[in-house]
*Asks:* 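Can you read through this structure? Questions will come right after.
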Amino acid sequence: MKKVLVATEKPFAAEAVQGIREVIENAGYQFMLLEKYASKVDLLNAVANADALIVRSDKVDGEVIDAAENLKLVVRAGAGYDNVDTEMAKAHGIVVENTPGQNSNAVAELVFGMAIMAARNMYAGTSGFELKGKRLGLQAFGQVGRNVARIAKGFGMTVDAFDPFCPEEVMEQAGVTPVHSVESLYSHNLFVSIHIPATPQTVKSIGYDLITLMPKNAVLINTARKEVVDEDGLAKALEDRPDIKYVSDVKPDNADFLTEKFAGRVFFTPKKMGAQTAEANINAGIAAANQVVAFFKEGIDRFRVN
Ligand code: 3PG
């Protein structure tokens, strides 16, 4: 009997866990659950006899892969798979998949929670500004960016996007203006919302030069990965441009320094919570479970990333 381990340091909503269990057990497989584990050893022990592993942002590195002798499939229930060593998995004959789009509305809604928070001066009681009529730049127009654009229209915002991997027609059909350089995106938009993945090419790619191109009173919103922002460059930009705000899901490594030095201009979530809704958990978790079943029963690996 195949064994499917769900290992989530940050647990799914209970309804999502129940749904995943049903999909796995209805397929005739054994469901195993490891939630809120305190140490990596717990994960190493739990994965030892698993055939498939479903994770969120949990680190699946070489040590985990080495510990998992039977493992054939890792499904990252979510979009970004920078937490999985995809090359190491490949070398061990393990397929890695993600579940693109399943949690993107949750992340997009959080973008607006953070945008309003920044525009209203972190709810400090002072006079802020409205989103209506303002310009929003999307750095990447994937699933999350598209949901952000949809919601932005409801606020009456004008939306630009920069995404060299997305056809311009896709943006235009969504009522979004394509821009042709990242510099142009940062120069012309009061809000910029980051939606690029963390890759060797994108890590630390957003720094002083880009941030300081932003117009007066700009807000930079990062619900992607903290690693794509160069923290030293960000700190210098916030120093030189006292009008700029930075809000991020999740806190950067220099969060304490930034919070102390730029109080009222920065906000960070303590844990990554863009996808932390019941709906997103259910969508991504059950999609992951269905992908596990489709993989073992029919050899389907449509969302393979390695
Ligand atoms: C993603 O890449 O899908 C999001 O960052 C969600 O991550 P999480 O599952 O850890 O909340």
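Keep in mind that what you see is a predicted model, and the values were worked out from it rather than measured. Every number for a ligand or one of its atoms is a count from 1 in the order of the listing.
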*Asks:* If you measure every N or O of Q276 against every N or O of ligand 1, does any of those distances drop under 3.5 Å?
*Replies:* no

*Asks:* G78 heavy atoms, cut-off 4.0 Å: which ligand 1 atoms fall inside?
*Replies:* 3 (O)

*Asks:* Going by salt bridge (charged side-chain N to carboxylate O under 4.0 Å, His left out), name the pairs with one or both residues in residues 38-54, residues two or more places apart or in two chains.
*Replies:* K40-D61, K40-E63, D51-K72

*Asks:* Can I get a per-line list of side-chain donor-acceptor pairs under 3.5 Å for residues 224-237, giving both atom names and the distance, sequence neighbours left out?
*Replies:*
| unit_1 | atom_1 | unit_2 | atom_2 | d |
| --- | --- | --- | --- | --- |
| R225 | NE | D82 | OD1 | 3.0 |
| R225 | NE | D82 | OD2 | 3.1 |
| K226 | NZ | D253 | OD1 | 3.1 |
| D230 | OD1 | D232 | N | 3.4 |
| D230 | OD2 | G233 | N | 3.4 |
| E231 | OE1 | D253 | N | 3.3 |
| E231 | OE1 | N254 | N | 2.9 |
| E231 | OE2 | D253 | N | 2.8 |

*Asks:* So, K245 and N121: side-chain donor and acceptor under 3.5 Å apart, yes or no?
*Replies:* yes

*Asks:* Would you say the side-chain atoms of E109 and N105 include a donor-acceptor pair closer than 3.5 Å?
*Replies:* yes

*Asks:* Side chains of E169 and Q173: is there a donor and an acceptor less than 3.5 Å apart?
*Replies:* no

*Asks:* Which residue and non-hydrogen atom of the protein lie closest to atom 10 (O) of ligand 1, and at what distance in Å?
*Replies:* S57 OG, 2.4 Å

*Asks:* Do any N/O atoms on A275 end up under 3.5 angstrom from N/O atoms on ligand 1?
*Replies:* no

*Asks:* So, regarding K272 and ligand 1 (criterion: nitrogen or oxygen to nitrogen or oxygen, under 3.5 Å), is there a contact or not?
*Replies:* no

*Asks:* Starting from atom 5 (O) of ligand 1, what is the nearest protein heavy atom, named by residue and atom, and what distance separates them?
*Replies:* R225 NH1, 2.9 Å

*Asks:* What I want to find out is whether K261 reaches E239 closely enough, with some N-O distance under 4.0 Å, to be called a salt bridge.
*Replies:* yes

*Asks:* Heavy-atom distance to atom 7 (O) of ligand 1: which of M273, E9, R76, K271 wins?
*Replies:* R76

*Asks:* Taking atom types as modelled, find out whether Y81 and N306 have a side-chain donor-acceptor pair closer than 3.5 angstrom.
*Replies:* no

*Asks:* Can you find an N/O atom of A79 closer than 3.5 Å to an N/O atom of ligand 1?
*Replies:* yes

*Asks:* May I ask you to identify, for N103, whether its side chain, its backbone, both or neither come under 4.0 Å of ligand 1 on a heavy-atom basis?
*Replies:* side chain

